[in-house]
Asker: 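One structure follows; several queries about it will come next.
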There are 2 protein chains.
Amino acid sequence: MIQTTSVENYLKTIFHHAGIGNNAVTTNEIAASLGTKAASVTEMLKKLSAQKLIRYKKYNGVTLTDSGTKQALLIVRKHRLWEYFLVEKLEFSWDEIHEVAEQLEHIQSEILVERLDSFLENPKFDPHGDPIPDKKGIIKKTDLQKLIDVTEKKEAIVNLVTDQPELLRYLSKIGISIGSKLRVIERNTFDQSMLLLINGKNKVQISAEIAHNISVQL
Amino acid sequence: MIQTTSVENYLKTIFHHAGIGNNAVTTNEIAASLGTKAASVTEMLKKLSAQKLIRYKKYNGVTLTDSGTKQALLIVRKHRLWEYFLVEKLEFSWDEIHEVAEQLEHIQSEILVERLDSFLENPKFDPHGDPIPDKKGIIKKTDLQKLIDVTEKKEAIVNLVTDQPELLRYLSKIGISIGSKLRVIERNTFDQSMLLLINGKNKVQISAEIAHNISVQL
DNA sequence: ATATATTTTTAGGCAAACCTAAATTTTATT
DNA sequence: AATAAAATTTAGGTTTGCCTAAAAATATAT
């Protein structure tokens with residue numbers, strides 16, 4: 001089904017805020033991200049829900065359905081391919097591409113996307129290093145890295161955790177789950193323990209032992 | 001001023017129907033061309049007029065102002081540059097480009113257009129042979145041809161007529177003026193006279209004598 | 001646990017761009 | 001010139017996506 005530009009922007013925003021774990025996204029987050037008001041978001045969420053693009057329960061935030069995720073991925077694909085085009089072919093610099101790619105991503109033409117992809121020789125990453133989903137919406141997994149190897153100040157997304165029940169229980173207690181965004185604030189050079197900021201909110205100190213068992217994607 | 005896609009489409013349509021002579025364009029012509037209803041067109045014409053993009057007098061059709069013409073030319077420029085891109089770089093065939101170029105022409109970014117132009121090495125004609133206006137909206141005049149030299153079935157636009165009062169009077173009587181679209185339906189091989197279709201409406205037979213004195217643009 | 005603050009939803013409106021049906025103006029025909 | 005036909009405009013609606021203000025639900029703090 002062909003969507004309006006507005007619907008596409010909502011799907012894309014929800015997709016980005018949900019992260020890898022497909023966490024629920026709140027009305028206010030969406031409003032802030034799109035520069036609209038919460039009331040407008042609520043209204044649109046009902047429409048998206050009616051189209052089965054999201055799962056929506058009043059006051060509970062939303063998650064993308066498979067269908068919604070697929071559509072979001074195709075928009076992301078288009079956005080990143082156009083960004084690649086702008087930088088590689090039209091000599092745009094990083095700071096100039098966003099606004100234009102935001103427009104180009106809404107052009108409706110499957111054949112255009114595929115021809116562009118071929119013309120660009122099927123790039124796997126956009127100029128920011130973000131992976132470009134393929135035509136089926138599949139993102140090539142970037143190489144995972146152990147959290148212990150992440151340098152200071154960097155932001156990483158939890159992708160995989162060694163399957164040890166105690167560890168998993170502990171992590172959930174301190175608020176880390178698949179998809180959580182971690183920023184390494186500080187590393188203790190003595191014991192290699194690290195101070196993390198979780199999802200931009202809570203600070204937690206974890207031991208090197210634990211950092212060894214968490215895989216992240218940068 | 002940044003316009004809506006709809007306003008841009010109206011300007012483009014009026015531009016194309018007005019032809020070289022910037023003739024008045026009727027409400028119905030616009031409606032037919034855009035696939036909307038006459039009532040909707042009237043409404044929009046008021047808006048365009050308020051913005052001084054067209055000259056509009058009730059029941060009298062419209063003409064583009066200089067400002068309106070300039071904006072129309074920039075849309076035409078974008079349309080034709082994108083068409084060139086689609087054919088030359090993405091290997092689209094003629095019949096596939098229209099729909100996509102209709103969308104791409106509305107992308108708002110001056111820098112994008114200029115970079116695209118450079119990337120394509122400043123093409124002067126699109127894949128249909130139509131001239132691409134430059135960034136100031138100036139169209140390089142295509143070489144004029146005498147109507148007598150136009151081959152059968154071709155469509156041509158009247159660009160210049162030898163300045164002979166009798167001829168001009170005669171032509172106006174049979175409905176030919178600067179900007180008229182002529183299609184050569186048939187040529188009489190005996191006397192070189194030709195049967196023309198004028199603006200897709202009236203058929204007229206003209207002598208070789210007259211055809212010698214009309215210059216057209218293909 | 002209750003009061004306060006925040007978030008989300010509902011209700012009622014607005015602008016753009018479209019529509020149909022009816023009224024008006026212009027054009028064509030006899 | 002009067003009438004019929006065609007073109008155009010007006011009047012009153014619809015849909016999409018946004019808004020503000022008020023109400024309801026949830027979260028936070030004492």
Side-chain angles (χ1 to χ4, degrees), chain A residues 1-14 17-18 23-51 53-63 68 71 75 102-103 105-106 108 175 199-202, chain B residues 1-14 17-18 23-51 53-63 68 71 75 102-103 105-106 108 172-173 175 199-202:
Chain A
M1 209 213 174
I2 287 172
Q3 304 293 352
T4 63
T5 293
S6 187
V7 166
E8 291 195 338
N9 283 332
Y10 274 88
L11 291 177
K12 196 182 54 157
T13 294
I14 295 167
H17 279 79
N23 307 306
V25 181
T26 68
T27 302
N28 265 1
E29 273 181 294
I30 298 169
S33 177
L34 291 173
T36 61
K37 294 304 164 74
S40 308
V41 174
T42 299
E43 192 178 295
M44 180 60 95
L45 294 184
K46 289 179 189 167
K47 288 179 197 165
L48 297 180
S49 180
Q51 281 191 61
L53 295 168
I54 59 171
R55 278 175 287 270
Y56 171 55
K57 256 184 63 183
K58 274 191 198 176
Y59 299 101
N60 266 73
V62 295
T63 53
Q71 293 201 25
I75 300 158
E102 289 284 300
Q103 294 181 65
E105 72 189 3
H106 300 294
Q108 306 280 173
N199 290 324
K201 285 182 197 158
N202 312 313
Chain B
M1 210 214 174
I2 286 172
Q3 304 292 352
T4 62
T5 292
S6 187
V7 165
E8 291 195 339
N9 283 333
Y10 274 88
L11 291 176
K12 197 182 54 156
T13 294
I14 295 167
H17 279 80
N23 308 308
V25 180
T26 67
T27 302
N28 265 1
E29 274 181 293
I30 298 169
S33 177
L34 291 173
T36 61
K37 295 302 165 75
S40 308
V41 173
T42 299
E43 192 179 297
M44 180 61 96
L45 294 183
K46 288 179 189 168
K47 288 179 197 163
L48 297 180
S49 181
Q51 282 190 61
L53 295 167
I54 59 171
R55 279 174 287 270
Y56 171 55
K57 254 183 66 182
K58 274 189 200 177
Y59 299 100
N60 267 73
V62 296
T63 53
Q71 293 201 25
I75 301 159
E102 289 284 300
Q103 295 181 63
E105 73 189 2
H106 299 295
Q108 306 280 175
S172 96
K173 199 170 93 185
N199 290 324
K201 284 181 197 157
N202 311 314

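By convention in this document, chain letters (A, B, ...) are assigned in the order of the sequence lines, proteins followed by strands, and residues within each chain are numbered from 1. Since we're looking at a predicted model, the values are computed, not measured.
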Asker: When rounded to the nearest 0.5 angstrom, what is the spacing between CG in B:N9 and CD1 in B:I30?
Answerer: 12.0 Å
Asker: Taking only the side-chain heavy atoms of B:A39 (C-beta and beyond), determine which of C:dA21, D:dT8, D:dT20 contains the nearest atom.
Answerer: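 From the listed options, C:dA21 comes nearest.
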Asker: Side chains of B:Q71 and B:Q51: closer than 4.5 Å at any heavy-atom pair?
Answerer: no
Asker: What nucleic acid atoms does A:T36 come within less than 4.0 Å of, heavy atoms only: base, sugar-phosphate, or nothing?
Answerer: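 Answer is sugar-phosphate: A:T36 comes under 4.0 Å of backbone atoms only.
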Asker: Of all the nucleotides listed (C:dT20, D:dC19, D:dG17), which has the minimum atom distance to the side chain of A:S6?
Answerer: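 Within the option list, the nearest is D:dG17.
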Asker: Heavy-atom nearest nucleotide on DNA chain D for A:A38 versus B:G61: which residue maps closer to 5'?
Answerer: B:G61
Asker: Within a strict 4.5 Å, meaning less than it, do heavy atoms of the A:L53 and A:I14 side chains meet?
Answerer: no
Asker: Using a cut-off of 4.0 Å on non-hydrogen atoms, how would the nucleic acid contact of A:T42 be classed: base, sugar-phosphate, or nothing?
Answerer: base
Asker: Kindly point out which of C:dA21, D:dT26, D:dT8 is positioned nearest to the side chain of A:Y59?
Answerer: D:dT26
Asker: Please determine, for the side chain of A:T27, which listed nucleotide (C:dA11, C:dT8, C:dC19) has the closest atom?
Answerer: C:dT8
Asker: Starting from the 5' end of DNA chain D, give me the residue, A:E43 or B:K58, whose nearest nucleotide shows up first.
Answerer: B:K58
Asker: In whole Å, what is the span from the NZ atom of A:K57 to the P atom of D:dA25?
Answerer: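 Going from NZ in A:K57 over to P in D:dA25 covers 14 Å.
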Asker: Let me confirm one number: the NE2-CD1 distance from A:H106 to A:I75, rounded to the nearest 0.5 Å.
Answerer: 7.0 Å
